[in-house]
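Atoms within a ligand are numbered from 1 in the order they appear, just like the ligands themselves.
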Amino acid sequence: MTETLANADLRALIADVPDHPKPGVVFKDITPLLASPRGYAACVDALVAAAPSGIDAVCGMEARGFLFGAPVALALGAAFVPVRKPGKLPRAVVETSFELEYSSETLAVHADAIAPGARVLIVDDVLATGGTVVATAELVRRLGGELAGVAVVMELAFLQPRALLSRHGVDDVAALLTYED
Ligand SMILES: O=P(O)(O)OC[C@H]1O[C@H](OP(=O)(O)OP(=O)(O)O)[C@H](O)[C@@H]1O
Ligand SMILES: Nc1ncnc2[nH]cnc12
């Protein structure tokens with residue numbers, strides 16, 4: 001795939017860290033991107049541009065999803081809904097558990113965080129196996145929200161997340177960068 005110059009600049013701000021957090025995993029480190037105000041702002045702008053119209057709420061998943069989901073929500077004039085690891089949210093929650101590339105996880109959202117019929121965008125840094133997005137999509141639907149789309153900074157396509165997403169009816173997915181291997 002040919003990337004625009006802006007995407008090549010973005011790619012250069014993501015570092016490969018082999019064997020983190022366990023052997024065989026190449027960890028995509030976004031901290032150089034976060035340290036570049038120009039790169040970070042361009043990345044948020046690109047996520048906003050990739051969003052479907054009429055978004056009422058943006059879900060960002062703890063922790064790195066907060067870094068992109070919150071500024072995207074502000075730019076869209078939408079609510080930001082934190083999707084958190086267990087035991088963190090103070091009021092009634094709905095929860096779901098799933099497997100990801102290097103661990104298993106539970107995610108929770110406040111039971112009243114999404115109004116029935118609200119159009120929801122899921123935003124995260126990395127789409128790897130897709131387990132985190134599928135779990136979040138399930139939470140959105142259980143609360144009566146309409147999943148309008150998913151926007152991520154990068155997709156690890158070699159893990160074939162779109163097959164999992166498609167099996168769960170999540171097909172509107174935008175990735176700024178795609179890693180084929
Ligand atoms: O597509 P998946 O296989 O589900 O993986 C993607 C998720 O993994 C990372 O989060 P992690 O659980 O490492 O937590 P963190 O954001 O707190 O670092 C990343 O930020 C995504 O949320
Ligand atoms: N390889 C990876 N790098 C960064 N974050 C991830 N989340 C899941 N897999 C990841």
For ligand 1, which atoms sit closer than 4.0 Å to a heavy atom of [X]?
X    : result
A63  : 15 (P), 16 (O), 17 (O)
E62  : 16 (O), 17 (O)
G130 : 1 (O), 2 (P), 3 (O)

I'd like to know if the side chain of D19 and the backbone of G24 have a donor-acceptor N/O pair within less than 3.5 Å. yes
Under a 3.5 Å distance rule, please check whether R119 uses its side chain to pair with a backbone N or O of G54 as donor and acceptor. yes
Close side-chain approach of [X] to [Y], heavy-atom, < 4.5 Å:
X    : Y    : value
L10  : L33  : yes
D172 : V150 : no
L107 : E95  : no
Y179 : I14  : yes

Specify side chain, backbone, both or neither for [X], according to which of its non-hydrogen atoms lie closer than 4.0 Å to ligand 1.
X    : answer
M61  : neither
D124 : side chain
D125 : side chain

Could you tell me whether some N/O pair between F98 and ligand 1 is separated by less than 3.5 angstrom? no
Considering both backbone and side-chain atoms of A128, is one of its nitrogen or oxygen atoms within less than 3.5 Å of a nitrogen or oxygen in ligand 1? yes
Salt-bridge test for R141 and E146: reply yes if a basic N is under 4.0 Å from a carboxylate O, no otherwise. no
Basic-acidic side-chain contact under 4.0 Å: D16, K28: yes
Short list, please: which atoms of ligand 2 are under 4.0 Å from a heavy atom of [X]?
X    : result
R64  : 4 (C), 5 (N)
A128 : 8 (C), 9 (N)
L156 : 1 (N), 2 (C)

Within 6.0 angstrom of Q160 CD, more than 12 heavy atoms from elsewhere: no
Return the option from K85, E155, E105 holding the heavy atom at the smallest distance from atom 14 (O) of ligand 1. K85
With respect to atom 6 (C) of ligand 1, which of I122, L164, V134, V126 exhibits the smallest heavy-atom separation? V126
Contact between ligand 1 and G65 is defined here as a heavy atom of the residue under 4.0 Å from a ligand atom; is it met? no
